2 protein chains.
Amino acid sequence: MTDTAKPRREQILDSASRLFSERGYHATSMRDLAGDLGMQGGSLYAHISSKEELLIEIVNQASRQFDTALFTLRGEAMPADQKLREAMYRHIRVVADNMDSATVFFHEWKHLSPEAYARVTGWRDTIDAFYRELITQGVQEGTFRADLDIKMTSYLVLSAVNWAYTWYRPGGNLGPRDVAEQFADMLLGGLRAPTGERP
Amino acid sequence: MTDTAKPRREQILDSASRLFSERGYHATSMRDLAGDLGMQGGSLYAHISSKEELLIEIVNQASRQFDTALFTLRGEAMPADQKLREAMYRHIRVVADNMDSATVFFHEWKHLSPEAYARVTGWRDTIDAFYRELITQGVQEGTFRADLDIKMTSYLVLSAVNWAYTWYRPGGNLGPRDVAEQFADMLLGGLRAPTGERP
DNA sequence: CCTACCGATCGGTAGG
DNA sequence: CCTACCGATCGGTAGG
């Protein structure tokens, strides 16, 4: 007989992710959380030390997922359009595979204590830098239009991949790959129909 | 002597928008809010009836702004690319001019009571429908690529205009018009550099 | 992991 | 608009 159950601490984090994402961090009481796990409020503190510890761990976990997904791409030698496509896929996949913690990440990071707050802000800057680098590369190598504003372009890309946490539904007929390919096609090629002839 | 001060009720709503957007609805106490206005907690209830009333009013106000901005565009006869450009401008302008209530709108609508919650969900559907209609028009008239997926395209556009609440800073050197023009240029024309010749 | 409890704070009210 | 207060609930702890 093997022990197939997740460690209790992980169960607590899973429940917390779900409840925090549905109701928000402050609107979820420790008794709500305990009830979701079939225990009494005070019992939680045998496994964790504070409510904020849960938030910190959920947010850190999400950050780490984005990092792992994107930074292996950083050094790879491929055309910028292909790299953008792959980055968007990985980014959306992290969101799609972690809808709860991604939602907590985007909504509740403001409630972190200064130290953890600073870490998240730093993470955000790192991701920004990743996309700006990618776009700069694309402009320099001639893959992307030369007149792109790097900052605005990366905002546009980040909008597309981040906003997915609001509408994406796992288990539907659209996987992260499909979403990324469609978004990348539209972003790279544009929405406008090709003109048949020039006047 | 004219009375230049805003009515107290509006002041309360302004403060509430700011505090709710910074700290979140549940993390803002009525005493925080009262303190921000230089009064005692209980005194607020001379002007309002409940905390949720504030949230409802802030969210409704934001909804109304989006409605007013977009629905006058609905019937206008113009090419879809131009209409998309204008819609994005108006949408971003509402966000930019109402950063606080827009943030509350996007983050705190889940905490509304069922009735108000349903109203917001309905609003969301209406805005979705507006953009899908616009894109459908563009495909039908040949302005947009024929192979666009209407739903995905509208998600992409909505991502761009909505996500602005996270990064836009009013008073900077970038007005809503600038942002919208740049986003529309990129979305319509694509990021990829035009190929000089075909192989 | 439970029971029983702590001080603090919550949204809201009464009476002025 | 203030003072004083209400019951309810909060995060967390002690002792088992």
Side-chain angles (χ1 to χ4, degrees), chain A residues 3-60 104 107-117, chain B residues 3-60 104 107-117:
Chain A
D3 185 14
T4 57
K6 278 193 183 182
R8 200 89 248 230
R9 200 189 150 81
E10 268 186 57
Q11 292 179 20
I12 295 174
L13 282 166
D14 286 350
S15 276
S17 293
R18 195 165 48 75
L19 294 179
F20 290 175
S21 76
E22 286 171 1
R23 312 180 189 178
Y25 175 68
H26 280 104
T28 306
S29 75
M30 294 307 269
R31 282 156 185 84
D32 290 338
L33 178 56
D36 192 62
L37 292 153
M39 45 167 89
Q40 296 302 314
S43 308
L44 285 168
Y45 292 88
H47 303 95
I48 62 162
S49 70
S50 74
K51 188 183 183 184
E52 210 208 344
E53 191 199 37
L54 290 174
L55 179 58
I56 292 176
E57 198 144 323
I58 292 167
V59 167
N60 281 350
V104 174
H107 276 193
E108 313 291 347
W109 64 281
K110 283 186 182 176
H111 302 130
L112 291 167
S113 59
E115 188 209 347
Y117 182 96
Chain B
D3 186 16
T4 57
K6 278 191 181 182
R8 202 87 248 232
R9 200 188 150 84
E10 268 186 55
Q11 292 179 21
I12 295 173
L13 282 166
D14 286 350
S15 277
S17 293
R18 197 165 47 76
L19 294 179
F20 290 175
S21 76
E22 284 170 2
R23 311 179 189 178
Y25 174 68
H26 280 105
T28 305
S29 75
M30 294 307 270
R31 282 156 185 82
D32 290 339
L33 178 57
D36 192 63
L37 291 154
M39 46 167 87
Q40 298 301 314
S43 307
L44 285 168
Y45 293 87
H47 303 94
I48 60 162
S49 69
S50 73
K51 189 184 182 183
E52 210 208 344
E53 189 198 40
L54 289 173
L55 180 57
I56 292 176
E57 197 143 325
I58 292 167
V59 167
N60 281 350
V104 174
H107 276 194
E108 314 291 347
W109 63 281
K110 283 185 183 177
H111 301 131
L112 291 167
S113 59
E115 187 210 348
Y117 182 96

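Residue numbering restarts at 1 for every chain, and letters A, B, ... go by the order of the sequence lines. Keep in mind the model is a prediction, meaning the values are calculated, not measured.
- Residues B:S29 and A:M39 both approach DNA chain C. Their nearest nucleotides, taken by heavy-atom distance, put A:M39 toward the 5′ side.
- Residues of residues 41-53 of chain B that place a heavy atom closer than 4.0 Å to DNA chain D, in numerical order, are B:S43, B:A46, B:H47.
- Between the A:R9 side chain and the A:H47 main chain, a donor and an acceptor come within less than 3.5 Å of each other.
- With rounding to whole Å, A:L33 atom CG is found 12 Å from D:dC10 atom P.
- Using a distance-only test at 3.5 Å, with no hydrogens or angles considered, a donor-acceptor pair links the side chain of B:D32 to the main chain of B:S29.
- A 4.5 Å side-chain heavy-atom check between B:Q11 and B:L37 finds at least one atom pair inside the cut-off.
- Between the A:E52 side chain and the A:S113 main chain, a donor and an acceptor come within less than 3.5 Å of each other.
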Dot-bracket line, read 5' to 3' along DNA chain C, where crossing pairs take [ ] and | marks a partner on another strand, Watson-Crick or G-U under 3.5 Å: ||||||||||||||||
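- Taking the side chain as every heavy atom from C-beta outward, A:K51 and A:L33 never approach each other to under 4.5 Å.
- With contacts defined as side-chain heavy-atom distances shorter than 4.5 Å, the pair A:L54/A:M30 qualifies.
- Between the CG atom of A:L19 and the C1' atom of D:dC10 there is a distance of 16 Å, given to the nearest Å.
- Distance A:H26 NE2 to C:dG11 C1': 16 Å, rounded to the nearest Å.
- To the nearest 0.5 Å, the span separating NE2 on B:H111 from CG on B:L55 amounts to 8.5 Å.
- Checking the phosphate oxygens (OP1, OP2) of C:dC1, a side-chain nitrogen or oxygen of A:R8 falls inside 4.0 Å.
- Straight-line distance from the CZ atom of A:R31 to the P atom of D:dT9: 10 Å, rounded to whole Å.
- Counting to the nearest Å, the P atom of D:dC5 and the CD atom of B:Q40 are 15 Å from each other.
- Cation-pi check for B:K110 over B:Y25 is not met; the charged atom does not lie both under 6.0 angstrom from the ring centroid and within 45 degrees of its normal.
- Side-chain contact between B:D36 and B:R18: present, with at least one pair of heavy atoms (C-beta onward) separated by less than 4.5 Å.
- To the nearest angstrom, C1' of C:dA8 lies 14 Å from CG of B:D32.
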